[in-house]
Amino acid sequence: MKIATWNVNSLKVRLPQVTGWLEAWQPDVLCLQETKLEDAHFPAGQLLEAGYHSIFHGQPAYNGVAILSREPAVAVQTGWSVEGDAQARLCSATFGDIRVLNVYVPNGQSLDSEKYAYKLRWLERLHTHVEEELARWPALVLLGDFNIAPDGRDVYDPEAWGEDVLCSPAERQALQGIQSLGLHDVFRQQYPDTRAWSWWDYRAGRFRRDQGLRIDLILACSTLLPRVCNVSIDRETRAAERPSDHAPVCLLLEDGS
DNA sequence: ATGGTAGCACGGCTA
């Protein structure tokens, strides 16, 4: 079972790159963030021609999440379970024995912004939601664009970034709190000392100088860890023509028995 | 260098 996540920064612009990536990597499941598309404009037909079913939860211009899959999803859920959400940042589905939660965590903009307070509230809400989902689905993978670098190993210049947004203690603690429910950062588990990034700002030649952050994460519950074969960050796709500012991250799991 | 670039939508916001 191959499960991947990719913040595409507009699926309308990136559709050729996405279908190319599906062809090259052949994932069973690909979670997308920042599709920036209303549901009425989602290219489900073109993706089906490429061999993938879609579930999607979008809005005009901002946010938007989707899950593409070889097999049709079951137990699909968009947004939170009970209340509505104004911003399309979460969708979930089950494939085989695996529950997949795809998130686009708010960026937060800056520590003094109302958007940062919203980010912290959103993470609290996610904590509760993950707790509920784990009770129902023991084999769970939580993945997506977390807009949080877990620690200094995940930042090209931790001194310069300090405790700014994406690296602040409060959001890192919120992430740790969610992980304390029994979820493990599979990339970090596999590569304890590797400094690797999943996002490079378009500005200031950040990619050219390899100055990035690792904010796109795949968290797997303990029961799945023995099945982890490989985790990779596809830096080549960030280097390609007209790229998203994020690289895809891919997890390969052994099939369940 | 408190900028820079990209996307949405056509001015200014978001990242």
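Predicted model only: the values in this text are computed from it and were never measured. Computed over heavy atoms, backbone and side chain alike; hydrogens, waters and symmetry mates excluded.
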TODO: Could you state the atom-to-atom distance from CD of E38(A) to P of dC8(B) in whole Å?
DONE: 13 Å
TODO: Provide, to the nearest angstrom, the distance between the NE2 atom belonging to H41(A) and the C1' atom belonging to dG7(B).
DONE: 16 Å
TODO: Check the distance between dA9(B)'s P and N9(A)'s CG and give it to me in whole angstrom.
DONE: 13 Å
Open item on the list: Judged by each residue's nearest nucleotide on DNA chain B, which is more toward the 5′ side, A204(A) or L11(A)?
Closed with: A204(A)
Open item on the list: Roughly how many Å apart are dA15(B) and dG3(B), using the C1' atom of each and rounding to a whole number?
Closed with: 15 Å
Open item on the list: Run the salt bridge (charged side-chain N to carboxylate O under 4.0 Å, His left out) test against R206(A) and tell me which residues pass, sequence neighbours left out.
Closed with: none
Open item on the list: Quick check on dA6(B): is either OP1 or OP2 less than 4.0 Å from any side-chain nitrogen or oxygen of R14(A)?
Closed with: no
Open item on the list: Salt bridge or not between D151(A) and R188(A)? Use side-chain N to carboxylate O under 4.0 Å.
Closed with: no
Task: Whole-angstrom distance between dA9(B) and dT14(B), as gauged at atom P - done: 14 Å
Check: protein-nucleotides 12-15 of chain B nitrogen or oxygen pairs below 3.5 Å:
from    : atom 1 : to      : atom 2 : distance (Å)
dC13(B) : O2     : Y62(A)  : OH     : 3.4
dT14(B) : OP1    : K115(A) : NZ     : 3.2
dT14(B) : OP2    : K115(A) : NZ     : 3.3
dA15(B) : N6     : R203(A) : NH1    : 3.3

Task: Identified side chain to side chain contact (heavy atoms under 4.5 Å, CB included) partner of D216(A) from the options P248(A), C31(A), S198(A) - done: S198(A)
- [ ] Report yes if at least one side-chain N or O of S10(A) is closer than 4.0 Å to OP1 or OP2 of dC8(B); otherwise report no.
- [x] yes
Task: Atom pair distance, as rounded to whole Å: CZ in R209(A) and P in dG4(B) - done: 13 Å
- [ ] Would you mind telling me which residue lines up with the more 5' stretch of DNA chain B, G205(A) or P60(A), judged by nearest nucleotide?
- [x] G205(A)
Open item on the list: Check R121(A) with E114(A), please: is the shortest side-chain N to carboxylate O separation under 4.0 Å?
Closed with: yes
Open item on the list: Could you check whether R227(A) pairs with D97(A) (Lys NZ or Arg NE/NH1/NH2 to Asp/Glu carboxylate O, under 4.0 Å)?
Closed with: yes
Task: Pairs touching residues 162-181 of chain A that satisfy ring pair (Phe, Tyr, Trp, His ring centres under 6.0 Å), sequence neighbours left out - done: none
- [ ] Group every Ile, Leu, Val, Met, Phe, Trp and Tyr by side-chain heavy-atom contacts under 4.5 Å, then state whether V130(A) and V105(A) land in the same group.
- [x] yes
Task: Length of the line joining R208(A):CZ and dA6(B):P, which is rounded to integer Å - done: 13 Å
